Amino acid sequence: MPNTHLLISWYRRSYRPLPWRQTTDPYLIWISEIILQQTRVNQGNPYYHRFIERFPTVIALASASEADVMMQWQGLGYYSRARNLHKAAQTIVAKYNGQIPETSAELITLSGIGPYTANAVASIAFKEPSPAIDGNVMRVIARYFSADDVINSRGLKKLCDNTVRAMMKDHHPGDVNQALMELGAMICRPTTPLCNECPIQPGCSSFRTGSQAVYPVPAKRAKPKNRYFVYLVLTSNNLSSQDIILKKRTKGDIWQGLYDFPLIETTNVPTDSDVYKSSLWTSLLPDFQPALSHATYLKHQLTHQTLHCWFIRQTADLIPDGIDNAEYLKIPIDLLHHYPFPRLIQRYFDQKQIKSHADN
DNA sequence: GAAACGTGGTT
DNA sequence: TAACCAAGTTT
């Protein structure tokens with residue numbers, strides 16, 4: 001087992017004074033843990049500041065509209081985090097009188113809170129001795145013991161759980177968890193770990209055998225799949241305003257709760273024939289003959305998908321009011337900044353110099 | 001329990 | 001450039 005005294009003493013003199021480490025407010029600690037899921041500190045930091053300024057308390061968050069919450073989250077990714085956060089806030093108000101539950105067992109019942117986050121909040125905010133096992137901790141422990149179990153495997157998680165639990169005997173559980181995560185982030189890094197500065201180098205199996213690059217054993221991941229999107233960017237000059245047609249993304253696919261445009265998806269690289277014969281055009285804009293040669297192409301890379309996107313822009317004299325139905329939304333371009341968009345759409349707006357104020 | 005879910009920095 | 005991966009959770 002790593003020497004906890006050396007680890008904690010290193011942490012106390014080297015930790016980064018991150019904003020969520022300057023508070024004991026469980027709400028703020030909870031928010032930071034959700035934002036930091038699969039997200040680097042530098043990426044999440046500005047979102048954290050804006051989010052807690054807009055929603056300073058669990059009451060404020062629970063009272064907000066889902067659209068408001070999504071607006072704050074746009075551009076950060078993994079948008080189910082925002083929906084679940086909102087839902088959990090409402091549960092806390094309704095079932096816990098607005099007080100954040102203090103035990104891991106209660107926390108894990110809330111939307112968006114899994115084993116890691118429940119133990120992180122319970123240990124940091126309420127001193128519950130519960131190991132918060134994230135990617136950093138698994139890397140540190142896998143190297144320390146030269147564990148052959150694959151990252152994220154049941155076996156490695158169990159080893160981490162047992163080890164960290166033992167380390168918490170005589171120390172603040174929140175400090176032990178944070179120290180191990182900080183060690184993984186700053187010293188026991190994925191590549192080129194700084195073993196000469198490591199407080200638990202004594203006893204580290206991978207340091208002793210020079211096998212730092214072997215552990216943790218990585219999981220194999222699937223190749224991204226190609227998808228082909230053809231967007232219709234339909235604008236019009238109506239009497240009082242310039243309008244644009246949007247579509248809200250629904251469940252069962254990427255970017256749920258955010259907005260994009262009317263869309264055709266093809267199974268291969270689209271052809272003019274594919275595009276022309278789609279019924280989308282006849283429902284939205286009869287007599288329009290779209291041509292891919294005039295489209296703006298953007299490639300967008302996600303973890304599991306490579307998006308190939310063509311944007312066909314068309315201005316109509318007048319968009320019928322009937323289009324503004326449950327499926328499609330007609331809004332003045334001036335109000336674009338009230339709607340949350342994924343990065344792909346923000347990139348398109350930026351390129352076309354359409355003011356979206358969708359900037360983060 | 002494998003696969004899906006975003007984005008951006010690093011290698 | 002493509003691959004990796006970062007304070008995970010949900011289905």
Side-chain angles (χ1 to χ4, degrees), chain A residues 15-16 18-21 28-48 70 73-85 87-88 107-125 130-140 150-155 157 160 164 174 176-186 188-192 213 216-227 249 251-258 260 299-307 340-347 360:
Chain A
Y15 76 91
R16 294 167 291 174
L18 303 171
W20 44 88
R21 286 181 174 155
L28 300 183
I29 292 166
W30 171 40
I31 300 298
S32 74
E33 290 300 341
I34 301 296
I35 287 178
L36 264 30
Q37 286 173 5
Q38 299 289 285
T39 304
R40 293 170 192 276
V41 165
N42 287 340
Q43 189 186 1
N45 213 349
Y47 281 85
Y48 173 79
M70 297 310 290
W73 210 269
Q74 66 172 328
L76 189 55
Y78 284 163
Y79 298 99
S80 65
R81 289 182 295 176
R83 296 194 308 273
N84 288 331
L85 199 52
K87 186 178 175 187
L107 287 163
I108 203 171
T109 67
L110 297 167
S111 299
I113 297 187
Y116 162 79
T117 306
N119 286 2
V121 173
S123 65
I124 296 170
S130 304
I133 310 302
D134 75 333
N136 288 309
V137 179
M138 283 189 277
R139 182 171 57 256
V140 170
V150 173
I151 192 89
N152 276 326
S153 66
R154 265 332 225 321
K157 279 180 180 166
C160 292
V164 178
V176 174
N177 281 332
Q178 295 198 76
L180 282 166
M181 291 191 277
E182 189 76 349
L183 187 74
M186 305 306 291
C188 197
R189 309 180 299 193
T191 59
T192 61
V217 178
K220 43 190 165 189
R221 57 186 72 200
K223 277 187 180 174
K225 293 167 185 170
N226 289 315
R227 293 179 74 180
R249 308 242 355 141
K251 59 177 182 292
D253 203 348
I254 54 173
W255 304 328
Q256 183 185 337
L258 278 60
D260 59 0
K299 181 178 171 182
H300 195 73
Q301 189 63 56
L302 308 179
T303 301
H304 294 93
Q305 307 181 20
T306 303
L307 269 29
F341 296 100
R343 281 292 194 213
L344 169 71
I345 305 301
Q346 293 180 349
R347 281 210 289 142
N360 281 308

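Bear in mind that the values here come from a model prediction, so they are computed numbers and not experimental data. Letters A, B, ... mirror the listed sequences (proteins, then strands); counts begin at 1.
Here the side chain of Ser32(A) pairs a donor or acceptor atom with the backbone of Ile29(A) at under 3.5 angstrom. The backbone N or O of Gln37(A) sits less than 3.5 Å from a side-chain atom of Arg81(A), completing a donor-acceptor pair. Using a distance-only test at 3.5 Å, with no hydrogens or angles considered, a donor-acceptor pair links the side chain of Tyr47(A) to the main chain of Gln74(A).
Here the separation of dT9(C) from dG8(B), taken at their P atoms, is 22 Å to the nearest Å. dA3(B) and dC4(C) are spaced 15 Å apart, taking the P atom of each and rounding to whole Å. Remark: the separation of the P atoms in dC5(B) and dA7(C) is 22 Å, to the nearest Å.
For Asp253(A), the CG atom counts as densely surrounded, since its 6.0 Å shell holds more than 12 non-hydrogen atoms of other residues, nucleotides or ligands.
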Mark up nucleotides 4-10 of chain C, 5' to 3', with B wherever a protein heavy atom is under 4.0 angstrom from a base atom, S wherever such an atom reaches only the sugar-phosphate, and - elsewhere. SBBBBSS

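Atom pair Trp255(A):CH2 and dA4(B):C1' shows a separation of 14 Å (rounding to whole Å applied).
Counting any heavy atom pair closer than 4.0 Å across all strands shown, Lys225(A) reaches sugar-phosphate atoms only and no base atom. Looking at heavy-atom distances under 4.0 Å, Ile254(A) makes contact with sugar-phosphate atoms alone, never a base.
Qualifying side-chain contact (heavy atoms from CB on, under 4.5 Å) partners for Arg16(A), counting only residues two or more places apart in sequence or in other chains: Leu18(A), Arg21(A), Val41(A), Glu182(A), Ala185(A), Met186(A).
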